[in-house]
Amino acid sequence: MTIISKLFENSREKLTIFLPSVRSNKIFPYYPRINWSDFFSDEFDILYVADSNQNDDFFLEPGGSWFFNRDGTSNIYQIADYIREISSRKQYREIILYGSSMGGYAALVLGSIIPDVVVVAECPQIFLRLHPGSLYVINNVNIADDYLLDLTEIIENKMIAKEVNFVCNSSDHHFSAHLLPLIKMPPSEKRRRFFIYSDRTYPNGHSALRLEDASKIIRSY
C-alpha cells in the first residue's frame with residue numbers, strides 16, 4: 001500500500017504529524033488542518049498523512065477506514081514504518097502525533113509502535129464498537145488483530161510514547177463513552193494528561209480544538 005502524505009520541510013528540529021479524521025465530503029487526499037501548516041512553520045516540520053483507503057467505495061459510507069484494509073489487516077504498521085523513514089532522515093528532537101477522532105485513534109496506536117513520541121489524541125475512539133463509523137467497518141471487514149478494536153490494553157500496557165495527551169469536549173459523547181473509563185484507570189508510569197474543556201464558545205458535541213487552543217498543547221513540547 002502506498003502511504004499518501006504531504007511533507008512541509010522547514011529545517012526545524014521538531015516534527016508534528018497530523019493524522020486524518022473521517023470526511024463528510026469527497027475530497028481526496030483529505031488532510032484536516034492543512035491550513036495550519038504556515039502557522040507552525042516557525043517551529044516545526046509538518047507531515048500530513050491521509051487515510052489511503054478513504055477513497056475506496058467500500059469505506060465511503062463510514063467516511064474512513066480506521067486504517068483497515070478490505071482484507072482485515074491494518075495499514076497502521078506501514079504508516080509507522082513510513083514515519084520512521086521520514087524521521088531517520090533527520091534526527092528530530094521531538095515528534096508529535098496529532099489526530100482527532102479517527103486520527104486520535106491512529107495516534108494512540110502509533111504511540112504503541114514508535115517509541116518516545118508525544119501523542120495528542122483529540123476525542124479519539126478507544127472502543128471501536130462504540131462509534132457508528134468504526135462499527136460499520138468492524139461489521140463489514142474481518143479484522144485480523146482484535147486488540148486494535150479496544151485500545152485499553154495498548155494504553156495501559158503497550159504504550160511506548162513518552163507522553164499521551166487526551167483532549168475532549170465534555171459535551172462530546174466520546175468523553176463519557178471513551179475517555180471517562182481511562183480517567184478511572186490506575187495511575188501509569190507513562191505520563192497521561194487529560195484536557196477536558198467545556199468552553200461555551202465551542203459547539204456542543206463532537207467538536208475539534210481551534211488552532212489557538214491546539215497550539216498551546218503542541219508548542220508546549
Side-chain angles (χ1 to χ4, degrees), residues 1-8 14-25 27-37 39-40 44-56 59 62-69 74-87 92 94-126 128 131 133-134 137 148-149 151 154-155 159-168 172 174 178-179 195 206-211 213-215 217-218 221:
M1 186 199 74
T2 301
I3 304 298
I4 300 173
S5 66
K6 191 174 184 66
L7 176 64
F8 293 84
K14 296 188 285 186
L15 173 68
T16 294
I17 301 166
F18 289 104
L19 298 154
S21 56
V22 300
R23 62 179 187 174
S24 57
N25 50 47
I27 296 172
F28 187 79
Y30 179 49
Y31 300 121
R33 302 173 181 82
I34 190 73
N35 60 330
W36 290 10
S37 59
F39 180 82
F40 287 108
F44 299 90
D45 285 359
I46 309 290
L47 175 65
Y48 291 88
V49 178
D51 176 356
S52 296
N53 291 327
Q54 208 159 28
N55 219 34
D56 185 332
F59 296 107
S65 71
W66 275 260
F67 308 94
F68 291 106
N69 303 308
S74 175
N75 58 56
I76 204 82
Y77 307 104
Q78 291 167 282
I79 294 173
D81 288 341
Y82 178 69
I83 291 172
R84 290 191 192 100
E85 178 190 336
I86 294 291
S87 60
Y92 286 106
E94 202 76 83
I95 297 177
I96 300 170
L97 303 171
Y98 190 108
S100 181
S101 196
M102 181 180 75
Y105 164 85
L108 289 167
V109 177
L110 289 168
S112 72
I113 303 172
I114 307 171
D116 299 323
V117 294
V118 172
V119 170
V120 182
E122 184 181 75
C123 49
Q125 288 86 47
I126 307 298
L128 294 194
H131 183 273
S134 50
V137 174
L148 292 175
L149 306 182
L151 299 190
I154 282 177
I155 293 167
M159 188 62 64
I160 55 176
K162 68 179 181 181
E163 187 159 276
V164 181
N165 300 275
F166 296 93
V167 183
C168 195
D172 188 336
H174 284 69
H178 297 272
L179 292 193
F195 297 88
H206 200 50
S207 58
L209 283 180
R210 291 187 290 263
L211 172 58
D213 292 325
S215 175
I217 299 175
I218 294 171
Y221 293 98

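Keep in mind that what you see is a predicted model, and the values were worked out from it rather than measured.
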Inset, instruction - From the options Ile86, Leu47, Ile17, select the one residue that forms a side chain to side chain contact (heavy atoms under 4.5 Å, CB included) with Ser5. - result: Leu47
Inset, instruction - Answer yes or no: is there a side-chain heavy-atom contact under 4.5 Å between Tyr77 and Ile113? - result: yes
Inset, instruction - With the side chain counted from C-beta on, respond yes when His178 and Phe166 share a heavy-atom pair under 4.5 Å apart, and no when they do not. - result: no
Legend entry - Non-hydrogen side-chain atoms of Asp45 and Lys14 separated by less than 4.5 Å: no
Legend entry - Side-chain H-bond candidate by donor/acceptor type, Asp51 with Tyr30, under 3.5 Å: no
Legend entry - Spacing of Ile3 atom CD1 and Asp81 atom CG [to the nearest 0.5 Å]: 8.5 Å
Legend entry - Short side-chain to backbone donor-acceptor contact, Tyr105 and Leu148, under 3.5 Å: yes
Legend entry - Any side-chain heavy-atom pair of Asp116 and Glu163 under 4.5 Å: no
Legend entry - Residue from Ser21, Ser100, Ser101 passing side-chain hydrogen bond (donor to acceptor under 3.5 Å, both in side chains) with His206: Ser101
Inset, instruction - Please step through ring-ring contact (aromatic ring centres under 6.0 Å, His included) for the pair His131 and His174, ending with a clear verdict. - result: CA-CA 9 Å; His131 183 273; His174 284 69; 5.6 Å; yes
Legend entry - Worked check of salt bridge (Lys or Arg N to Asp or Glu O under 4.0 Å) between Arg33 and Glu122: CA-CA 13 Å; Arg33 302 173 181 82; Glu122 184 181 75; 2.9 Å; yes
Inset, instruction - Answer yes or no: is there a donor N or O on one side and an acceptor on the other, between the side chain of Ser215 and the main chain of Leu211, under 3.5 Å? - result: no
Legend entry - Side chain to side chain, Phe40 and Ile96, heavy atoms closer than 4.5 Å: no
Legend entry - Asn75 side chain to Tyr82 side chain, donor-acceptor N/O pair below 3.5 angstrom: no
Legend entry - Within-4.5 Å side-chain heavy-atom neighbours: Phe28 and Gln54: yes
Inset, instruction - Would you mind reporting whether Ile46 and Leu7 have side-chain heavy atoms less than 4.5 Å apart? - result: no
